[in-house]
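Comments concern the structure below.
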Amino acid sequence: MKRLLALGLLGINFLKDVVTSGWTTTLIILFRGRSLRPGFVRLAYGELPDTAANFLGALVTLTPGTTTVDIDLERREFLLHLLDMDHADATLDSIRRDFLRPIRILSGGAP
Amino acid sequence: MSGAHEHPAGPTWLWLAAIPLVLFLLLAWGLVRQPLPWQFDAAWIPSLSVSLAFRIDGLSALMLALVTGIGTWVFVYASGYLAHEPRRGRLFAVLLLFMLAMVGAVSADNVIVLFLFWELTSLTSFLLVGFQHRRSHARSAARQALLITMGGGLALLGGLTLLAQITGSWTLSGIVAAAPAHLADARLPYALLLVLLGAFTKSAQFPFHFWLPNAMSAPTPVSAYLHSATMVKLGIYLMARLDAAFNDLLLWEATLVATGTVTAVWAGVLALRERDLKRILARSTVSALGTLTLLVGLPNPGAGLAVVTFLFAHALYKAPLFMVAGNIDHATGTRIIDHLMGLRRAMPWTAAVAVLAGLSMAGLPLSFGFVAKDVMSAAKAEAEVLALVSYATVFVNAISVAVAGVAAVRVFWGPPETARGPVHEVSWRMLLPPLAIVLLGMEFDFVPTADPLLLAAARVIAPGLGAADLSASYGLDVLLSATGLTVLVGLAFFLSWDRLHQRLQAMHWLDRYGPAATYELLLRGLALLAARQTRLLQHGRLTGYLRLALAALLGMGAFAWMNSDTRLSLSWTWPPQAWAWLVAGVLIVAGAGAALRLRDRLAVLMASGLVGYGSAALFLFAGAPDLAFTQFAVETVLVVVAASVLPHYGTGQARAVPWHAGDLLLAAAAGLGTFLLLAHLDGLPPDTRLADWFGANSLPAAHGRNVVNVIIVDFRALDTLGEIAVVAFSLLAALPLLAGLKRGTPT
Amino acid sequence: MSPRSTLLAQSARPVYLLLLTAALWILLRGHNEPGGGFIGGLVAVAGSSLLAITLGTHSARRWQPLPPLSLAMLGVGLALASGLVGPVTGLPFLTHVWTDSGLSTVMLFDLGVFCAVWGALTGYVYALLEEG
Amino acid sequence: MIAIGWALCALAILLLLIAAAGILRLPDALARQHAATKAATLAVSLFALGLMLVAWGSGWGWAWIGRLALLVLILLLTLPLASHALARAGVAERQQGA
Amino acid sequence: MGTRPRLRRSVSLLGTAALVLCAALLLHAVLTRGTQSMALGNWPLPYAIQFAADGLSAALVLIAAGLGAAVLLVESVWREGGAAPGLHPLLHGLLAACCAVFLAADLFNLYVWFELMLIATLGLLVLGAQRRHAEAAFKYFALSMLGTLLMLAAVGLIYGATGQLNFAALRAVAEQPQLAAVLPVYVALLALALLLKAGAFPLFAWLPASYHTLPAPVLALAGGLLTKVAAYVLLRLLGDVFAATPGVLVEALGWLAVVTMVTGVLGAAYHWDVRRILAFHIVSQIGYLLLGIALATPAAAAGTAFFLFHNILVKANLFLIAGLMWRAAGHYDLRRIGGLYPARPLLALLFLLSAFSLVGVPPTSGFWGKFMLLREAFAEGRYVWGGVALAVGLLTLYSMSKIWLEGFWKPHPAEGAVLAAPPRAAYAGVILLSLLILLMGVFPEPIVHGVQSATAQFWSVR
Amino acid sequence: MSTLLALVISLAVAAGVLLLLSRDLFRLIVGLAVLGSAVNLIVFMAARPGSLIPPVIESGAQQLAAGAANPLPQALVLTAIVIGFALLCFALVLGAWLARATADDDPDALRETEPVATDPVKPPQEEA
Amino acid sequence: MSWLTGFVLAAGAAALMGFYRLLAGPTRTDRAVGLDILFSVAIVLALLAAWASGRTVYLDVAIGLALIGFVATLAWARLIQGGDRGDRP
Ligand code: NA
Ligand code: NA
């Protein structure tokens, strides 16, 4: 039941993020263009089975503005490419909040 | 050849002489029992009007008698001459084949059968001339003989074919019979010239005379048989046979008389330039052949008789003289007359033969006298030309007296050469044949056994010849008066042989500009031409090949376009989906263009992929979902393949496109051509009968709704079968290459 | 960056199975809708290529019923064999036969096409990807 | 319903154009990758949704809606793979260049 | 595959034997019951693809099959360039494609088989996996593709104009006046594609660039069949299907034939490698075939057909003989070999037969073919064409005598060189072909009659 | 309408010819591919494209609707596409093999089977 | 000119922009990115064809494209990552 709830939450969060970051990306393309500062960040995902980590990587990639470049299963962290480094922290936060937590629940771990 | 190395004996092949002998006896028996002509006809290739038609009349019988009679003795002689030759078996086999070919050639009536045997004699002659094939001279002489006689043979084929088409008959007898009705045919001169080309090359007429002396690198029995007595007479034989039909044609007469005269005189002059006994004899043979051609060309009936008489007599003295030369060569190891003196004591029998044959050769003018008289009386208007001819005959005849002197007197008399070791007479098998032939010749002179045959032969050439003419030709007074003059001149030539020789030898321009030199020039020219063409057409540069191929295709396509009734029809309707086509078209053109501009191979590949994607987009908006899907899928898989193959192409950068003006022109022409073709197609009303049938039957009969698929797997499944075979074979074909790439370093 | 992506590695097999299923689906319904042996075969090639690119040719080969060349030849053989049913019954070559249950030699033929395309093209892909 | 569908489709096309503009305007390959893969693919998905609505409204039936839904699913399934691979390629190329 | 060469060879030989048997049965059926036709898939014509065998195509199938048998016989003992597992399938594929071309009565199907021929030949070319093989294959590919693409385009355009692909249907449609005026351009394009495939001037560059890299048995099959297949199709299309093609185009073909004959022999005259010499003679002989087509009469078509039969056999045999020369003397370059006449008299005899057949000396097969063409050229008033054909015979003789003089008569340039003994089975294949050539030369009547009746309807529109 | 397509195809052909003659091994193959696509389109033009209706019989119908696209050229082009693709794969591999073996990408440098002629009468000897 | 035509032209414009990236690079990844958007355009075009013709068969083409299109991108990515051999043998 808890997992089902998590799944539903994940779906809603995903759609919300797709729309919001889609909108941000559109704005970025339209108005910031060349002045944009993209870059890489690392995101530790902690305790998570490999499959779930991969799933999370895919979800992150699906969301506009963020792309998973590498998943390091040893060090348990993602290497992400962000379109906009100016709001990197906010982006990472929303990933942790909207995706990482429900997936932890889904995979049976602690939130 | 002189027996320096003794080889194990092995069979002598003497028994082979029995074959021509039996044939000769059969002929003689037949001539006694059965009146001429004998005819034989059997179907061979009725669809081409080629039948095994043989017809033996007097002329053929005369030739047959020579071929088999002299053949018998040549085989005997060869068995002695080649006693130490290890590979004589092959030579005998070819010699026998030659004899049979001659028999066939002179008895054939169907022109194609004649041609068959004619070529067979050339072929066997080639093999015999090249018998000493380890020597490069023998090889080139053989090739020269082959190219000239077979080249002439090809002309002969053309000529005979034309003659047959003009007269409507494929037999010699039919052609001769029908020819008078077609003398005005415009094709006739060409036909005759082609036939004469064949005859002239075979009979070594000017300017093709030079192959015969070179052919002397054949063993002597071959020279005596092929290159003096029989094969070289084949051309004369054919001319003589056709003479009955074309005697009254000025072209025929002029060509034959002119060629014959020039050949006879010129060969006589050239004989004086030679020191090799065999080559001297060969030159004199050419001279005699020229005389024969001249005689055939003369229009009056008496000349016909002269032809057969001289032809016969020449064979009977020249073959023995060749054998004499062979004997001398065999005994002394040389044929150069400067080194040959006083052989009469060492080789008495050979000397005797030489004298008898030389007498015959020198005493020959019986025919000339006859001709001279006949010619003077028959032709009046063309006096000056014919006078020239008769002067020429005197000269030619004098030369043969001189040659007879050299062969029969000079080498045998005088002090013996001391530098050389002891010389021994040759074996009986090399003495008996020349002796027999020369005695036979004398027998015919005194006892006219051969007269009926000669007369019959002459009547083939000159049907108007009466019985009286024969006796007239033997008129003693004419004979003597003519002989007197020629013998005198000949004696002068003989005595001044060395001085004349040196004078002529010094004329080097004769070697540089003669027909023989021309032949060499042609061969070299052929090689040079071939080399030039190779550089032009086979330069090895693929781009050049492609350019030429494209230019040729475009040029020939344009030619076809100009020569057909084509019209252009351009429609500019613009349905809604045309906008989609525009998008697709822009992609296609942009992709193709970008592939030209880009340097990174990966980018080139991507750009060219756009052509495919564009096509697929086009298919989407043209009612072809299957095509669109396939095209997209193909492009995707192509990317996979190309992406994995691309690293092998070295650095990522392709060469820059050079933008040659010529290439641009080709491209523009190709584009324009494509446009015109498509515009042309657009003007034609579409015929959709096949499509309609497929659409109507796809579901009811073939149980499928997707008509394209039904066509692919059912209505036209064979195309698909072939296609998947191509797909599977493409992998099979690429396996060795893939293995090489996998190893990393293809060799 | 790790030399191999675990995301690709882990998703490759499921996606391959999806593609193969789609390929077979396309093959089977091709007679009535767009599709058929060619397109199905090409989709299967895409699937196998995916495996080969992400997991290496070894596993791609393992997930294919036969070695590429054999598969291609089998395909040609199947198509040929389906055409031989006709001659056996006295009809021309490539005459197709239907049973009442809807099965037909057409399917065999199309399967042959599918196998030929799948086999031949994967043969190229594998050989090129596994060099040196 | 049809009107909404139309509007969604128009929006999707607009998004597609913007995504395309993104690959022109954004500063480097990795950034452009975001536009090409995600923005564009989402635009396509949106277009499919719009068309779904149109089909629903027009009563074209489940043949349309089912297929379009399947399309969106497949797009969402394969998009991360392409995007991820492109990003890795970009990084690798950058490393090669360095 | 690849592990049991002996089994593979046996199966392969058995397969060819079966092909020969089928071809013989087919020819028998054609001769006794007339043209045989099969509508593939049992669909009505002209909707189905049709296979049609008249005397001409059935005979060609039999000849191809016989040639295949002889070549495989030789191949079974050849082992040049190692055992390649792809060899036999590719050879069979090539053979099958050729037979299919002879039988196909459908324009697009024809194209498919040409593609199969192309890929099989490419596979055979690269089998050796040396650099020269790959180079040869690439040149072959690049130039052949031009022809292939042009052929496909022409087929498409012809379909677009007529709505038909089946030969009989096209024959009927092409005579319609409104099409007779516009179709020739497309037909000419198709003819051009076939001219490239046939190796006509100036489209032959692929041939001498590639053929000589093939191992002898393969070369025999390729050199014997490939260009001739294209020539056959040209004869079939121009003489039978699109016989209404304007005379001026056909005449242009005749002049092209003349130039092809001459450039072919001149190319051969330059070379010293036996295979290269023979390869250029293919071009020259194609000229004769084109000449026969350009004469545009039934009799000339018969001559072309006869020449085609002859040329396939003789060319293949000469290539096999060249292979035997190589086996015996160690090289293909005439400047490096010699002494074959005393050492290998049988080989010499076999060479002479085929060489003189190529030259056209009676009574070999080559003579009758040339004679039929020459006769018809003169009958049609084409004296220059006929004259050049004769002259080219002389130049052919030049090349053949070069091989004979240098390879057979000249002593081997290496002192004390001992010539090897080529395998017996290889001789068997050559003797088989030689007997066929001899038979065709000595008893040509059935074949002449056969081709005359098979081509009696050719050019009937004109 | 067909004027547009004819124009597109013609331009593709022209570009293909230039690629073919560009003296680059890889571009040459690409040129053949481009020409192949153009030729496929030429064949497709035989159908006089214009209809958007695919040649698929709708459920309920027994035969193809009037006005549907001509299925035959589509089938022919489909066959031609696949054949052309198979040949293209072979060519790409062959070209790669040659590029590696010769360490050159100039098609005109493929001279091993046809060496440069030096002596006008006797061409250079070669290994075989 | 209908709305659908407008959509087609807009999709075409997007394709052209992608094409520009393909042409201009500068990196290989850029080119691959440029090509990738063409897939999206192709799918949109298939959907538009379905819409315009009212036939679902074009939807199947779109699905097929979505299924296999990304494999091409993966192949490009692998090629770029593997890099050129650079060195000639
Ligand atoms: Na006369
Ligand atoms: Na006379």
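Looking only at side-chain heavy atoms (C-beta outward), B:Trp659 and F:Leu18 come within less than 4.5 Å of each other. No side-chain heavy atom of F:Gln63 sits less than 4.5 Å from a side-chain heavy atom of B:Leu699. Using a 4.5 Å heavy-atom threshold, the side chains of F:Met45 and B:Asp682 count as separate. At least one side-chain heavy atom of F:Leu4 sits less than 4.5 Å from a side-chain heavy atom of B:Trp574. In this structure, the side chains of B:Leu678 and F:Leu5 stay at 4.5 Å or more apart for every pair of heavy atoms. Counting heavy atoms from C-beta outward, B:Val726 and F:Phe90 have side chains that stay 4.5 Å or more apart. With a 4.5 Å cut-off on side-chain heavy atoms, F:Val13 and B:Phe675 do not count as touching. Between F:Ile81 and B:Leu627 there is a side-chain heavy-atom pair separated by less than 4.5 Å.
Looking only at heavy-atom pairs under 4.5 Å with chain F, the residue among B:Val634, B:Thr720, B:Val611 that has the most is B:Val634. The candidate from F:Asp24, F:Val17, F:Val8 with the greatest count of non-hydrogen atom pairs under 4.5 Å with chain B is F:Asp24. Among F:Thr79, F:Ile42, F:Val34, the residue making the largest number of heavy-atom pairs under 4.5 Å with chain B is F:Thr79. Heavy-atom pairs under 4.5 Å with chain B peak, among F:Ala69, F:Ala75, F:Ala80, at F:Ala75. When each of B:Ser698, B:Pro658, B:Gly704 is scored by its heavy-atom pairs under 4.5 Å with chain F, the top score falls to B:Pro658. Annotation: maximal heavy-atom pairing with chain B below 4.5 Å, among F:Ala68, F:Gly31, F:Gly95, F:Pro107, occurs at F:Gly95. Highest contact tally toward chain B, considering only F:Ser51, F:Ala12, F:Ala33, is held by F:Ser51 [criterion: heavy-atom pairs under 4.5 Å]. Ranked by heavy-atom pairs under 4.5 Å with chain B, the first of F:Leu19, F:Ile9, F:Asn70 is F:Leu19. Heavy-atom pairs under 4.5 Å with chain F were tallied for B:Thr688, B:Leu638, B:Leu676, B:Leu664; the largest tally goes to B:Leu638. Contacts with chain F were tallied for B:Leu582, B:Leu681, B:Leu550; B:Leu681 has the most, counting heavy-atom pairs under 4.5 Å. Taking chain F as the reference chain and counting heavy-atom pairs below 4.5 Å, the highest number among B:Pro736, B:Ala696, B:Ala670 is found for B:Ala696.
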| query | Hey, mind stepping through F:Leu76 and B:Asp719 against side chain to side chain contact (heavy atoms under 4.5 Å, CB included) and telling me if it holds? | reply | CA-CA 9 Å; F:Leu76 303 185; B:Asp719 285 345; 4.3 Å; yes
| query | Can you list the steps and then say if B:Phe619 with F:Leu41 is a side chain to side chain contact (heavy atoms under 4.5 Å, CB included)? | reply | CA-CA 9 Å; B:Phe619 296 145; F:Leu41 288 177; 3.8 Å; yes
| message | Run the side chain to side chain contact (heavy atoms under 4.5 Å, CB included) test on F:Leu72 and B:Arg716 for me, step by step, so that the C-alpha distance in whole Å, both residues' side-chain angles and the decisive distance to 0.1 Å come before the verdict. | response | CA-CA 9 Å; F:Leu72 182 53; B:Arg716 293 184 65 90; 3.7 Å; yes
| said: Applying side chain to side chain contact (heavy atoms under 4.5 Å, CB included) to F:Ile83 and B:Val727, what does each step give before you reach the verdict? | reply: CA-CA 6 Å; F:Ile83 288 180; B:Val727 173; 5.9 Å; no
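Salt bridge annotation for F:Asp105-B:Arg601: present, with a cationic side-chain nitrogen under 4.0 angstrom from a carboxylate oxygen.
For F:Leu52, the parts sitting under 4.5 Å from any heavy atom of chain B are the backbone and the side chain alike. In this structure, the portion of F:Leu11 lying under 4.5 Å from any heavy atom of chain B is its side chain and not its backbone. Using a 4.5 Å cut-off between heavy atoms, B:His660 does not touch chain F at all. Using a 4.5 Å cut-off between heavy atoms, B:Glu723 contacts chain F through both its backbone and its side chain. Contact of B:Thr543 with chain F is made through backbone and side chain together, with heavy-atom distances under 4.5 Å. Both the backbone and the side chain of B:Val637 come within contact range of chain F, each with at least one heavy atom under 4.5 Å from a heavy atom of that chain. B:Val641 touches chain F through its side chain: at least one heavy atom from C-beta onward sits under 4.5 Å away, while N, CA, C and O do not. Of the atoms belonging to B:Phe715, not a single heavy atom falls under 4.5 Å from chain F. Of the two parts of B:Ala580, neither the backbone nor the side chain holds a non-hydrogen atom closer than 4.5 Å to a non-hydrogen atom of chain F. Contact annotation for F:Ala61: only backbone heavy atoms (N, CA, C, O) come within less than 4.5 Å of a heavy atom of chain B. For B:Leu605, the parts lying near chain F are the backbone and the side chain together; criterion is any non-hydrogen pair under 4.5 Å.
Under a 3.5 Å cut-off, the side chain of B:Tyr649 and the backbone N or O of F:Leu92 do form a donor-acceptor pair. F:Gln74 contributes a side-chain N or O that, together with a main-chain N or O of B:Gly623, makes up a donor-acceptor pair within less than 3.5 Å. Remark: the backbone N or O of F:Leu110 is not paired with any side-chain donor or acceptor of B:Arg541 at under 3.5 angstrom. Side chain of F:Arg48 to main chain of B:Leu684: a donor-acceptor pair is present (N/O by atom type, distance under 3.5 Å, no hydrogens or angles).
Interatomic distance, F:Ser37 OG to B:Leu618 CG, rounded to the nearest 0.5 Å: 11.5 Å. The CG atom of B:Leu737 lies 7.0 Å from the CH2 atom of F:Trp97; values are rounded to the nearest 0.5 Å. How far CZ of B:Arg705 is from CG of F:Leu64: 11.0 Å, rounded to the nearest 0.5 Å. Summarising the geometry, atom CD1 belonging to F:Ile29 is positioned 11.0 Å from atom OG belonging to B:Ser608; distances are rounded to the nearest 0.5 Å. A distance of 12.0 Å separates CD in B:Gln653 from CZ in F:Phe26, rounded to the nearest 0.5 Å.
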Show every donor-acceptor pair shorter than 3.5 Å between a side-chain atom in residues 586-599 of chain B and any protein atom, with sequence neighbours excluded, or say none if there are none.
{"from": "B:Arg599", "atom 1": "NE", "to": "B:Ala654", "atom 2": "O", "distance (Å)": "2.5"}
{"from": "B:Arg599", "atom 1": "NH2", "to": "B:Ala654", "atom 2": "O", "distance (Å)": "2.9"}

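In this structure, F:Pro49 and B:Ala622 approach most closely via the heavy-atom pair CB-CB, 4.1 Å.
For F:Asp106, the side chain to side chain contact (heavy atoms under 4.5 Å, CB included) partners at least two apart in sequence or on another chain are B:Arg655, F:Arg23, F:Asp104, F:Asp108, F:Ala109.
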